[in-house]
Amino acid sequence: MKNLDSFFTAYCNEFWHYEESIINELSKKNKEYSAMEDFIENKLKEYSNLRSVLEDSKIIALNNDEVKVLIEILDKYMQIRDIELEEMFFVGGRNAFYYFSKMGIFQNDNYIFNNIKEEMENNYVKKN
């Protein structure tokens, strides 16, 4: 029997592009997320050793101030990732609801269904 690839396996590159587009939207619509990105970028400009450590994986001795800022940056990275995961969770839920409705699992005459269907058709289906 022939093995069939899953959607994820077959369209892995497109999935990561889709995920990236969702995350890029966070900078535009979530002020807290955008502020944390700006904070990190400003600190990396101010403390070039930290950029070398985080982005270039260089081993550099850091002074006390740099270590404190590094801890702040790592904390912001974790908060950013939490926001990204939450956003992906809800986008996935909307997509699941939309696909399940297309399969006839949900009634077409309820308010929630119609709002999500309209959002999906306007924001996701036409873009892809």
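For the numbers below, each heavy atom of this structure counts, side chains included, while hydrogens, waters and symmetry mates do not. Quantities reported herein were computed from a predicted structural model and do not represent experimental measurements.
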To the nearest 0.5 Å, what is the distance between CD (Glu84) and CD1 (Ile22)? 11.0 Å
Once rounded to the nearest 0.5 Å, what's the spacing between atom CG of Asn64 and atom NZ of Lys68? 6.5 Å
Heavy-atom closest contact (Ser52 atom, Ile60 atom, distance): CB-CD1, 3.5 Å
Calculate, to the nearest 0.5 Å, the distance between atoms CD and CD1 belonging to Glu66 and Ile71 respectively. 12.5 Å
With side-chain contact (heavy atoms from CB on, under 4.5 Å) as the criterion, how do Val91 and Arg94 come out once you've worked through the C-alpha distance, each side chain's angles and the decisive distance to 0.1 Å? CA-CA 5 Å; Val91 168; Arg94 284 193 304 270; 3.0 Å; yes
Judged by atom type as modelled, is there a donor-acceptor pair below 3.5 Å linking the side chain of Asp56 to the main-chain atoms of Lys58? no
Is the shortest side-chain heavy-atom distance between Glu32 and Ile83 below 4.5 Å? yes
Looking at every heavy atom in both Ser27 and Ser34, which two are closest together, and how far apart are they? O-CB, 3.5 Å
Can you confirm whether Leu70 sits close enough to Leu54 that some side-chain heavy atom of one is under 4.5 Å from a side-chain heavy atom of the other? yes
Give a yes or no on whether the backbone of Asp38 and the side-chain of Asn42 come within a donor-acceptor separation of less than 3.5 Å. yes
To the nearest 0.5 Å, tell me how far Tyr77 OH sits from Glu37 CD. 9.5 Å
Within this structure, what is the OH-CG distance for the pair Tyr47 and Asp65, rounded to the nearest 0.5 Å? 5.5 Å
If you measure from the Lys or Arg side-chain nitrogens to the Asp or Glu carboxylate oxygens, is any gap between Arg51 and Glu55 under 4.0 Å? yes
Within the structure provided, determine whether Glu86 and Asp82 are in side-chain contact (heavy-atom separation under 4.5 Å). no
Look at the side-chain heavy atoms of Ile, Leu, Val, Met, Phe, Trp and Tyr, link any pair under 4.5 Å apart, and say whether Phe90 and Ile80 land in one connected group. no
Do Leu26 and Tyr18 belong together in a cluster built from hydrophobic side chains that touch within less than 4.5 Å? no
So CG of Leu44 and CZ of Phe39: to nearest 0.5 Å the spacing works out to 9.5 Å
